[in-house]
**Q** 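Here's a structure for you.
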Amino acid sequence: MPELPEVEAARSLIAERALGHTIAAVDDADTYVCRPHLPGDIASALVGRTPTAAHRIGKAMWLETDDGDGPTLGLHLGMAGRIVVIGAEGSTQSTAYGGDPMSPAEARAAAAGGHPDPRLSGNPAWTRFALEFADGGALLLFDKRRLGRAVLNPDLTRLGPDALLISKADFRARVGSGDAPLKARIMDQSVIAGVGNLLADELLWQARAAPLRPAGTLDDDELDALWKATRRATRAAIKAGGVHHGAIIDFRNKDASCPRCGGAMVKAAVGGRTTWWCEAEQSWPPV
DNA sequence: AGCATTGTTTCACA
DNA sequence: TTGTGAAACAATGC
């Protein structure tokens with residue numbers, strides 16, 4: 001689930017509900033999620049601090065503490081992570097995916113497993129990292145898989161510009177070069193940050209662009225159209241509540257045909273990921 | 001049982 | 001040295 005739109009929802013949730021509370025305890029016992037830190041390292045750095053801002057570039061998110069005087073806490077949702085914020089006693093809980101408000105007791109139960117909401121039900125071990133606030137609230141990294149990350153002072157220098165902030169000229173220069181397939185290029189987080197597998201299929205289909213076409217062969221007009229499609233598809237996904245609401249997502253299967261032209265949907269591995277596209281509109285070389 | 005999975009990092013190779 | 005692609009990573013679901 002987590003591509004730029006989901007991470008932005010999580011960041012927004014944290015900004016609205018998890019700032020200004022003093023950190024009383026940290027669960028950083030998962031040495032894989034918290035690598036390369038050792039258990040207690042993140043706790044030592046954060047207990048007594050207060051998150052004061054939540055930032056994001058692409059799929060990377062981080063909390064600022066004590067107005068910049070404390071360390072930052074990087075949070076990455078990986079392949080299946082979600083952020084859960086539990087309010088102080090008496091307030092409600094939320095997830096990065098919206099949903100109905102829950103009581104703190106319900107939220108704790110969800111983190112412990114067995115909640116009727118399938119998005120939150122599961123094993124207690126699926127809470128991989130947690131900040132416990134002094135007022136009784138908490139921020140949880142809830143992740144069925146275990147590819148999410150929590151790390152102090154994350155290195156963000158290898159990320160390209162955020163997919164929603166990159167200028168048209170910068171997009172032309174960064175995306176429109178190299179021999180790699182266009183889809184691989186646009187998913188390269190050091191080129192632009194935030195586009196994942198599903199959002200890539202969506203925006204390429206919206207732009208009628210061929211996933212297999214070498215990125216360096218696109219002209220400026222084509223790159224500008226792709227820039228627009230990137231912004232449009234990303235903003236639409238944020239508004240709709242996630243990348244899975246894209247127009248082409250339900251048609252990424254063998255029996256489907258393109259909802260725009262009726263052509264066959266075809267599949268191949270591009271950039272290491274399963275890719276679906278309309279054979280008629282997005283072929284390369286062109287027919 | 002085997003394969004696929006919305007992400008990132010590492011490693012091999014041209 | 002740089003760029004590209006495959007494999008590994010963890011764990012679940014079909």
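A, B, ... follow the sequence lines: proteins, then strands. Residue 1 opens every chain. Side chains included, hydrogens not; waters and symmetry mates left out as well; all remaining heavy atoms used.
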**Q** By the 4.0 Å heavy-atom rule, please label A:Gly178 as base, sugar-phosphate, or nothing.
**A** sugar-phosphate
**Q** If we check side chain to side chain donor-acceptor pair (under 3.5 Å) with A:Asn197, which of these qualifies: A:Glu202, A:Glu3, A:Lys183?
**A** A:Lys183
**Q** For the side chain of A:Trp126, counting heavy atoms from C-beta on, which of B:dT6, C:dT12, B:dT9 is nearest?
**A** C:dT12
**Q** Do the side chains of A:Ile83 and A:Phe142 get nearer than 4.5 Å, heavy atoms only?
**A** no
**Q** Using heavy atoms to find the nearest nucleotide of DNA chain C for A:Arg146 and A:Arg185 separately, return the residue whose nucleotide is more 5′.
**A** A:Arg185
**Q** Under a 3.5 Å threshold, yes or no: a donor from one side chain and an acceptor from the other, between A:Thr217 and A:Arg213?
**A** yes
**Q** What's A:Pro5 touching, base or sugar-phosphate or nothing? Going by heavy atoms closer than 4.0 Å.
**A** nothing
**Q** Should A:His244 be listed as having a side-chain N or O under 4.0 Å from OP1 or OP2 of B:dT6?
**A** no
**Q** With respect to the side chain of A:Ala180, which nucleotide from B:dT6, C:dG5, B:dT8 is positioned closest?
**A** C:dG5
**Q** When the P atoms of B:dC11 and C:dA10 are considered, how many whole Å apart are they?
**A** 15 Å
**Q** If only side-chain N and O atoms count, and only distance matters, is there a donor-acceptor pair under 3.5 Å linking A:Thr52 with A:Glu64?
**A** yes
**Q** Checking A:Arg56 against A:Ser12: is there a side-chain donor and acceptor pair closer than 3.5 Å?
**A** no
**Q** Under 4.0 Å, counting only non-hydrogen atoms across every strand here, what does A:Asp179 touch: a base, just sugar-phosphate, or nothing?
**A** sugar-phosphate
**Q** Looking at every strand, decide which applies to A:Arg273 at a 4.0 Å heavy-atom threshold: base, sugar-phosphate, or nothing.
**A** base
**Q** With rounding to the closest Å, how many angstrom separate the P atoms on B:dC3 and C:dA7?
**A** 13 Å
**Q** Quick check: any donor-acceptor pair below 3.5 Å linking the side-chain of A:Arg145 to the base of C:dA10?
**A** no
**Q** CZ of A:Arg174 versus C1' of C:dG3: gap in Å, rounded?
**A** 15 Å
**Q** Check the distance between B:dG7's P and A:Asp201's CG and give it to me in whole angstrom.
**A** 11 Å
**Q** Rounded to whole Å, how long is the line connecting atom CD1 of A:Ile249 with atom C1' of B:dT5?
**A** 14 Å
**Q** Looking only at the side chain of A:Tyr32 (C-beta and beyond, no hydrogens), which of the listed nucleotides C:dA10, B:dT8, B:dT6 gets closest?
**A** C:dA10
**Q** Rounded to the nearest angstrom, tell me the gap between atom NZ in A:Lys144 and atom P in C:dA11.
**A** 14 Å
**Q** Write down the distance separating the P atoms in C:dA6 and B:dA4, rounded off to the nearest Å.
**A** 14 Å
**Q** Could you tell me how far apart A:Met187 (CE) and C:dT4 (C1') are, to the nearest whole angstrom?
**A** 13 Å
**Q** So which one's nearest nucleotide on DNA chain C is more toward 5', A:Ala184 or A:Leu147?
**A** A:Ala184
**Q** Check whether any side-chain N or O of A:Lys59 sits under 4.0 Å from OP1 or OP2 of B:dG7, and answer yes or no.
**A** yes
**Q** Atom CE of A:Met79 to atom P of B:dA4: distance rounded to whole Å?
**A** 13 Å
**Q** Using only atom types and a distance under 3.5 Å, with no angle test, would you say the side chain of A:Thr274 pairs donor to acceptor with the backbone of A:Ala269?
**A** no
**Q** Using both distances under 3.5 Å as the test, list the Watson-Crick or G-U wobble partner of C:dT1, or none.
**A** none
**Q** Is B:dT8 paired to anything, Watson-Crick or G-U wobble with both distances less than 3.5 Å, and if yes, which nucleotide?
**A** C:dA8
**Q** Roughly how many Å is it from CZ in A:Arg252 to C1' in C:dC14, rounded to a whole number?
**A** 16 Å
**Q** Between P on B:dT6 and NE2 on A:His245, what's the gap in Å once rounded to a whole number?
**A** 17 Å
